[in-house]
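What follows is a short report on a single structure.
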Amino acid sequence: MSSKIRVIVVDDSALVRSLLSEIINRQRDMECIGTANDPLVAREMIRELNPDVITLDVEMPRMDGIDFLGRLMRLRPMPVVMISTLTERGAEVTMRALELGAVDFVAKPRVGLASGLNELASQIVDKIRVAAVAHVRRAPPARDAAAPGAAAAAGTAPPPASALLGRLSTEKVICIGASTGGTEAIKEVLVQMPADSPAIVITQHMPAGFTTSFAARLNGLCQITVKEAVNGERILPGHAYIAPGGTQFHLARSGANYVAVVDDGPPVNRHKPSVEVLFKSAAAVVGRNAFAIMLTGMGNDGAAAMREMKDAGSYNYVQDEATCIVFGMPREAIAHGAADEVLPLGQIAPALVARLRGTTDRLHHRI
């Protein structure tokens with residue numbers, strides 16, 4: 001039996017189908033076992049060939065990629081890598097696809113398609129490899145994402161955010177790192193944070209053009225304010241700041257305040273933004289006032305810097321293997337001795353809030 005990763009390519013463009021097939025078949029560890037020009041053809045092909053991974057275009061005839069993905073993940077969950085266009089609409093749809101259970105996405109170029117996809121070849125095959133080993137879960141029930149209260153009506157409303165923490169040092173900062181599977185994991189943490197949470201700074205591996213939509217989606221769900229980080233702005237309690245895709249994001253000190261530094265620094269651990277960059281700055285600037293959270297993701301980005309944070313006095317949470325889409329980054333953080341607690345995703349925010357509340361209680365007793 002072949003040990004190769006078996007891939008089906010679903011795209012209405014004959015050129016894209018041909019290019020992706022060629023890119024996949026050049027790899028020793030994978031093969032394109034079929035292509036489909038629309039989801040209805042793909043459905044039959046999946047039943048017949050039982051692939052390990054499918055790549056899925058968003059905009060297609062007869063049934064769009066999001067509708068098909070939703071049905072697929074409810075009825076036959078499997079690893080899916082979305083092929084998205086780098087537009088505002090494409091970014092919004094991609095966030096919805098990740099919410100439905102797609103493992104990852106590739107942003108295909110709008111011009112120079114052949115040369116652009118070939119330039120992305122290593123990224124495409126890397127994401128297929130990650131998808132092939134990902135822990136895929138069944139999608140939640142269908143809902144109209146635009147309808148107010150639809151999530152609650154469908155039984156998929158996020159957990160309620162915690163009650164207010166009360167008086168807490170503004171020195172505290174929560175740092176979050178994530179990669180594959182991280183958009184939904186970050187959401188689960190943030191929706192449980194109270195409106196007066198300490199400042200939260202986040203690096204999620206994501207290309208330029210997608211983090212604006214990601215931040216807007218989270219901002220509509222959370223009690224805290226969620227936004228993309230802007231160079232030079234103050235880092236404030238009750239806010240979460242997401243590293244803009246394609247930049248490096250770290251913390252600096254300006255007098256009594258923390259400020260965001262967003263720049264065009266080089267990739268670190270092949271990533272831009274890199275968790276290593278953010279966590280390393282937190283170790284140096286925030287020290288024992290920091291909390292760190294490492295969520296699902298492939299690779300080792302941020303593991304060494306998370307250990308630096310712990311050595312500087314931070315308290316660190318790592319997502320457990322059972323709830324990760326990909327356990328790579330959490331596993332590496334644990335191996336570096338960076339974890340104070342390893343918890344299921346749903347327990348991380350409650351544990352952190354309880355710890356913060358204990359801090360406020362001790363503060364009140366001293367007053």
Side-chain angles (χ1 to χ4, degrees), residues 56 58 65-66 69-70 73 77 79-86 88-107 123 126-127 130-131 134-140 143 145 151 156-159 174-193 200-222 224 226-229 240-247 249 271-275 278 293-299 301-302 319 323-330 345-346 348-349:
L56 179 62
V58 171
I66 293 298
L69 177 66
M73 298 309 289
V80 176
V81 176
M82 300 300 294
I83 306 297
S84 307
T85 51
L86 188 54
E88 184 176 345
R89 164 70 179 158
E92 291 170 359
V93 171
T94 298
M95 292 303 106
R96 178 65 180 141
L98 295 173
E99 185 179 86
L100 286 170
V103 174
D104 211 333
F105 68 95
V106 175
Q123 183 185 136
D126 281 350
K127 292 189 176 191
V130 171
H135 299 147
V136 176
R137 291 174 182 82
R138 196 171 299 274
R143 66 176 177 85
T156 60
I174 300 162
C175 305
I176 301 177
S179 186
T180 312
T183 55
E184 288 302 290
I186 289 167
K187 179 179 79 175
E188 181 151 351
V189 172
L190 294 192
V191 295
Q192 297 183 73
M193 298 305 295
I200 302 173
V201 290
I202 301 164
T203 291
Q204 159 72 44
H205 295 160
M206 194 172 279
F210 286 84
T211 41
T212 302
S213 180
F214 179 41
R217 178 176 284 263
L218 290 176
N219 190 55
L221 294 170
C222 299
I224 57 175
V226 185
K227 64 188 297 294
E228 278 188 308
Y241 303 86
I242 297 174
T247 70
F249 172 37
H271 295 292
K272 184 176 178 180
S274 164
V275 179
L278 178 62
I293 301 173
M294 185 71 83
L295 299 174
T296 175
M298 177 61 79
D301 186 34
Q319 185 178 352
T323 60
C324 280
I325 299 298
V326 181
F327 190 51
M329 285 163 54
L345 175 60
I348 291 175

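Note that the structure is a prediction, hence the values are computed from the model and not measured.
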Inter-residue atom distance T211.OG1 - L218.CG, 0.5 Å rounding: 11.0 Å

Heavy atoms only: give me the nearest A102-M82 pair and the separation to one decimal. CB-CG, 3.6 Å

Tightest non-hydrogen contact, residues A91 and G209, listed as CB-O, 3.5 Å

What is the minimum heavy-atom distance between I66 and A97, and which atoms define it? CD1-CB, 3.7 Å

Show your reasoning for whether side chain to side chain contact (heavy atoms under 4.5 Å, CB included) applies to M298 and D126. CA-CA 10 Å; M298 177 61 79; D126 281 350; over 6 Å; no

List the atom of V275, the atom of A178, and the distance in Å for their closest heavy-atom pair. CG2-N, 4.0 Å

Of E184, E92, E99, which meets salt bridge (charged side-chain N to carboxylate O under 4.0 Å, His left out) against R217? E99

Can you name the closest pair of heavy atoms from G246 and P273 and give their distance? N-CD, 3.7 Å

Quick one, F214 with L98, criterion side chain to side chain contact (heavy atoms under 4.5 Å, CB included). Give me CA distance, side-chain angles, the key distance, then yes/no. CA-CA 10 Å; F214 179 41; L98 295 173; over 6 Å; no

pair I186-I242: side-chain heavy atoms closer than 4.5 Å: no

What's the shortest heavy-atom distance between V226 and N219, and which atoms? N-OD1, 2.9 Å

How many angstroms lie between NZ in K127 and OG1 in T180, if you round to the nearest 0.5 Å? 7.5 Å

Distance check, rounded to the nearest 0.5 Å: I200 atom CD1 versus I224 atom CD1? 4.0 Å

Which residues share a side chain to side chain contact (heavy atoms under 4.5 Å, CB included) with T212, sequence neighbours left out: E228

Between atom CE of M95 and atom CZ of F105, what is the distance when rounded to the nearest 0.5 Å? 5.0 Å

Please verify the inter-ring angle class for H205 with H271; under 30° counts as parallel, over 60° as perpendicular, anything in between as tilted. parallel

Is there a donor-acceptor pair closer than 3.5 Å between any side-chain N or O of D301 and the backbone N or O of S274? no

Under a 4.5 Å cut-off applied to non-hydrogen side-chain atoms, are I348 and I293 in contact? yes

Check the pair R96 / L100 against side chain to side chain contact (heavy atoms under 4.5 Å, CB included), numbers first and verdict last. CA-CA 6 Å; R96 178 65 180 141; L100 286 170; 3.6 Å; yes

So, using side chain to side chain contact (heavy atoms under 4.5 Å, CB included) as the criterion, who are the partners of A185 when residues are at least two apart? L295, T296, Q319, L345

Test Q204 against I176 for side chain to side chain contact (heavy atoms under 4.5 Å, CB included), laying out the working first. CA-CA 8 Å; Q204 159 72 44; I176 301 177; over 6 Å; no

